[in-house]
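In what follows, every heavy atom counts, from backbone to side chain, and hydrogens, waters and symmetry copies are set aside.
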Amino acid sequence: MALNPVKFLQEVRQEVSKVTWPTRNETLISTIMVLAMVALASIFFLLADQLISWLIQAVLNIR
């Protein structure tokens, strides 16, 4: 089976034309949502880490 790069590129172009690309507004909203979720997850894990640290110190009486 011979590989034909020209045919491959034509098929790629044909498939890419079928893709429904997001609008600029959809991309902006998605980016903002991702950044907000990253910030919330960071705060959650910071608080969880602090709580676990406090509990371990309380149990082991390290202070």
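- For Thr27, the side-chain contact (heavy atoms from CB on, under 4.5 Å) partners two or more places apart in sequence, or in a different chain, are Pro22, Thr31.
- Linking ILVMFWY residues whenever their side-chain heavy atoms come closer than 4.5 Å, directly or via other members, places Leu60 and Ile52 in the same cluster.
- Atom-to-atom distance recorded for Thr23:OG1 and Glu26:CD is 3.5 Å, nearest 0.5 angstrom.
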Under 3.5 Å, which donor-acceptor pairs link side chains of residues 7-16 to any protein atom two or more places apart or in another chain?
| unit_1 | atom_1 | unit_2 | atom_2 | d |
| --- | --- | --- | --- | --- |
| Lys7 | NZ | Glu11 | OE2 | 3.4 |
| Glu15 | OE2 | Lys18 | NZ | 3.2 |

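- Residue Val34 is found in a hydrophobic cluster whose other members, listed by chain and number, are Val38; membership requires side-chain heavy atoms under 4.5 Å apart, directly or through intermediates.
- Rounded to the nearest 0.5 angstrom, Leu51 CG and Ile56 CD1 are separated by 10.0 Å.
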